[in-house]
Amino acid sequence: MTMDRFLRWTLLAGVALLIALATAIPVSAHALPVASDPLPGAILQQPPRVVTMIFNEAPEPALSYINVLDTAGRHHEVGHAAASPTDPRVLSVGVANVGKGVYTVSWRTVASDDGHRITGSFTFGVQVLPPSRFSTQEAAATSALTAVGVTARAVYYIAIVFLLGGTAVAISVGPQFWGRLRSILTGAWVAAIIGVIGITDSQLRSAGAGWDQLFHTSLLGSFATRLVPALAGAGALLIAPRVASRLQRWTMAVAGLGAALSTLADAAANHASTESNPVVSVALQWVHILAAGAWIGGLTALLLVISAVPAQLRSRLLERFAIVAVGCLLVVAATGVLRSVAAIGSWQGLVTTLYGAVVLAKVALLVILGGLGVLNRVNARRATSPPNGFRRVGSMQVVVGVVALVLSSALVNVAPPSATAIAFTGPAPIVTTGTDGNTLKVHLEVSPGNVGFNYFTLTLTDYATGSPISGATVTLGFLFNGRETIGTSALPLTSLGKGTFSADGANLSLGGSWSITAQVETTQWIYDVPLQLTTRQPPTTP
């Protein structure tokens with residue numbers, strides 16, 4: 001197969017892949033809550049003894065917390081939040097001295113895989129309605145994108161890419177050319193180790209912890225699995241020129257394997273490991289960086305040694321690298337699309353979020369890299385020896401590749417849209433509607449819809465035009481439809497403007513079916529609008 005034909009098939013395969021991925025299923029990441037007991041906005045008749053939260057992935061218990069505070073800011077949690085022995089995604093904390101009142105659950109999680117911090121809060125009431133169903137939960141906030149975190153990971157990625165490609169080229173050209181690569185490979189190993197330390201330091205800082213706490217958390221595992229292969233690879237690189245000639249290439253291969261295994265450990269400690277199929281996701285992430293290493297790292301090493309390589313070997317080496325580069329371009333594009341679709345989840349997330357903007361920037365850089373690669377291929381074919389144009393364009397490719405790696409470092413430190421889109425709310429309000437058949441329409445929401453205290457929100461609109469009716473007095477009348485005879489009760493609503501009225505009360509005192517009458521009075525008329533509602537059982541804590 002000729003190179004031109006290979007390029008055409010690569011383009012067609014890439015287009016087909018993009019079309020196929022348009023319907024991919026999104027996934028989530030970061031330790032975000034998906035359920036709790038009590039629920040946000042719950043009204044408990046008895047004080048809870050335990051507050052439990054369930055997250056979409058396992059948080060690190062030693063660095064996470066659940067606090068329970070009353071309206072005066074006093075703490076009521078007992079001890080530190082602990083993980084369930086049967087499900088590491090579940091954190092619980094005991095509570096004490098909880099009486100009638102409103103309580104705020106303030107929580108923080110640090111993901112056990114990547115160290116990302118998430119914070120949030122919600123409220124519940126004990127025999128009291130929380131202030132409003134609209135303020136029972138504060139949106140979860142993720143750890144901020146920091147210069148230290150991005151820089152540390154960028155140093156690590158750039159170093160690993162140079163190591164992967166540099167060791168591959170060193171094996172290809174032989175030990176007689178290693179002198180030209182020794183400085184960059186040695187520097188890359190030092191940078192990789194510094195990057196590993198910096199990544200862990202950034203994670204500990206994000207969690208508000210110090211290095212003295214590392215050995216008591218799961219972050220120690222990701223730190224060790226990144227660092228140990230890197231140290232082993234550095235050792236192999238140092239002894240490679242000193243072993244017997246027949247073992248030198250094998251020793252250099254061990255150095256490259258150390259870089260590859262460190263990269264695998266990094267992929268297993270990031271977003272990919274929390275997705276619906278973690279083995280496939282981690283493998284895709286790993287292959288993505290391996291292909292980038294063979295392409296950009298290999299090109300960097302090739303630019304350093306190509307002028308010293310004999311003309312016959314040089315031509316063959318450039319021809320082989322061109323095929324490898326095209327294959328790596330396809331792999332980087334394919335795995336990048338797969339990972340991005342999983343993280344973003346929708347086309348809207350691609351254009352409306354910071355994560356999507358960084359992905360689009362990477363796509364633009366990938367297109368530029370592909371164009372420079374084609375130009376470099378043309379330059380390489382013009383003469384037996386590589387012209388200055390080849391080195392100039394190749395250097396531009398390396399610079400663009402480094403920028404892409406910096407963007408990749410930012411992506412790891414940004415919560416994907418599929419993570420921040422996870423919903424964590426209490427039960428939806430019960431909705432009932434009615435009309436007098438001629439003049440007005442009533443829309444009533446009851447939250448949380450349990451027996452006991454509830455928040456009532458009524459919207460009043462004109463029957464014909466749908467415009468809000470504001471100049472009215474609204475009172476709700478309650479009649480229980482069950483066997484028990486408890487009499488009727490009334491609840492006056494307060495006008496909030498624009499046809500909306502609200503109040504809170506304990507009028508739904510029994511579980512079951514209720515007849516509610518919305519009495520609407522203006523200076524000109526009075527209408528009664530009948531409504532029907534059935535309560536739900538309130539969430540309780542054992």
Side-chain angles (χ1 to χ4, degrees), residues 38-45 122-125 127-137 423-522 524-540:
L39 287 168
I43 306 169
L44 308 184
Q45 300 307 309
F122 64 89
T123 61
F124 68 91
Q127 301 176 9
V128 173
L129 183 74
S132 166
R133 70 180 179 90
F134 297 107
S135 61
T136 57
Q137 181 188 344
F424 175 51
T425 61
I430 295 176
V431 177
T432 181
T433 59
T435 177
D436 72 332
N438 182 48
T439 304
L440 52 86
K441 293 180 180 180
V442 169
H443 177 100
L444 178 64
E445 293 187 7
V446 183
S447 180
N450 302 325
V451 175
F453 290 93
N454 284 277
Y455 190 83
F456 299 85
T457 304
L458 184 142
T459 303
L460 195 62
T461 57
D462 184 270
Y463 185 87
T465 66
S467 57
I469 300 175
S470 297
T473 300
V474 181
T475 303
L476 297 181
F478 298 84
L479 175 64
F480 186 60
N481 295 328
R483 295 179 180 179
E484 297 86 348
T485 301
I486 60 173
T488 60
S489 65
L491 179 67
L493 304 185
T494 300
S495 176
L496 302 178
K498 297 183 178 180
T500 301
F501 304 80
S502 70
D504 57 77
N507 303 74
L508 301 177
S509 55
L510 294 175
S513 174
W514 287 81
S515 293
I516 301 177
T517 301
Q519 185 181 80
V520 183
E521 180 179 356
T522 69
Q524 299 176 338
W525 43 258
I526 299 176
Y527 289 105
D528 290 338
V529 179
L531 305 167
Q532 294 294 320
L533 180 145
T534 301
T535 61
R536 60 163 62 98
Q537 291 298 315
T540 59

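In this chain, residues are counted from 1 in sequence order. Bear in mind that the values here come from a model prediction, so they are computed numbers and not experimental data.
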Participant: Go through the steps to decide whether Leu476 and Asn507 satisfy the test side chain to side chain contact (heavy atoms under 4.5 Å, CB included), and finish with yes or no.
Facilitator: CA-CA 10 Å; Leu476 297 181; Asn507 303 74; over 6 Å; no

Participant: Starting at CD of Gln532, measure out to OG1 of Thr432 and round the result to the nearest 0.5 Å.
Facilitator: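 Those atoms lie 7.5 Å apart.
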
Participant: Hey, what do you get for CG (Leu444) to CG (Leu531), rounding to the nearest 0.5 Å?
Facilitator: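 It is 6.0 Å, given to the nearest 0.5 Å.
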
Participant: Minimum heavy-atom separation for Ala503 and Pro492, please, with both atom names.
Facilitator: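 So the two residues come closest at CB-O, 3.5 Å.
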
Participant: Measuring from atom CD1 of Ile486 to atom CZ of Phe480, what distance do you get when rounded to the nearest 0.5 angstrom?
Facilitator: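 Output value for this atom pair is 6.5 Å.
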
Participant: Provide the closest heavy-atom pair for Ser470 versus Gly499 in the form atom of the first, atom of the second, distance.
Facilitator: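 It is OG-N, 3.0 Å.
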
Participant: Please determine, by modelled atom types, if Ser467 and Asp462 share a side-chain donor-acceptor pair under 3.5 angstrom.
Facilitator: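 Note: Ser467 and Asp462 side chains miss the donor-acceptor criterion.
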
Participant: To check you understand the geometry: which heavy-atom pair defines the closest contact between Gly434 and Val529, and what is its length?
Facilitator: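 So the two residues come closest at C-CG1, 3.5 Å.
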
Participant: Just how far is it from atom CG of Leu496 to atom OG1 of Thr457, taken to the nearest 0.5 Å?
Facilitator: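 Going from CG on Leu496 over to OG1 on Thr457, the span is 7.5 Å.
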
Participant: Please round to the nearest 0.5 Å and tell me the distance separating atom NZ of Lys441 and atom CG of Leu460.
Facilitator: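 Spacing of NZ (Lys441) from CG (Leu460) equals 12.0 Å.
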
Participant: Would you confirm whether Thr535, through its side chain, and Gly512, through its main-chain N or O, come within 3.5 Å as a donor-acceptor pair?
Facilitator: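 Here the side-chain-to-backbone pair exists.
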
Participant: State, with a plain yes or no, whether a side-chain heavy atom of Val520 is found less than 4.5 Å away from one of Trp525.
Facilitator: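 SC-SC contact between Val520 and Trp525 confirmed.
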
Participant: How close do Asn438 and Asp436 get, heavy atom to heavy atom, and via which atoms?
Facilitator: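 So the minimum-distance heavy-atom pair works out to N-OD1, 3.1 Å.
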
Participant: Tell me whether Ser495 contacts the main-chain N or O of Phe501 through its side chain, where contact means a donor paired with an acceptor under 3.5 Å.
Facilitator: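 Pair absent, no side-chain N/O of Ser495 close to backbone of Phe501.
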
Participant: With no hydrogens and no angle check, do the side chains of Thr517 and Asp528 hold a donor and an acceptor under 3.5 Å apart?
Facilitator: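 No, no side-chain donor-acceptor contact under 3.5 Å.
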
Participant: For residues Tyr527 and Tyr463, establish whether the separation of their ring centroids is below 6.0 Å.
Facilitator: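 No, the ring centres sit 6.0 Å or more apart.
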
Participant: Closest approach of Leu39 and Phe124, non-hydrogen atoms and distance?
Facilitator: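 Nearest heavy atoms, Leu39 then Phe124: O-CB, 4.1 Å.
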
Participant: Under the criterion side chain to side chain contact (heavy atoms under 4.5 Å, CB included), I'd like the reasoning laid out for Thr475 against Glu521: C-alpha separation, chi angles, the key distance, then a yes or no.
Facilitator: CA-CA 9 Å; Thr475 303; Glu521 180 179 356; over 6 Å; no

Participant: I would like to know whether Gln519 and Ile526 meet side chain to side chain contact (heavy atoms under 4.5 Å, CB included); could you show each step before the answer?
Facilitator: CA-CA 7 Å; Gln519 185 181 80; Ile526 299 176; 4.1 Å; yes

Participant: Looking only at heavy atoms, what is the nearest atom pair of Leu458 and Ala518, with distance?
Facilitator: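 For Leu458 versus Ala518, the nearest heavy atoms are CD1-CB, 4.0 Å.
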
Participant: Atom CD1 of Ile516 and atom CG of Leu508: how far apart are they, to the nearest 0.5 Å?
Facilitator: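 So the gap between those two atoms works out to 5.5 Å.
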
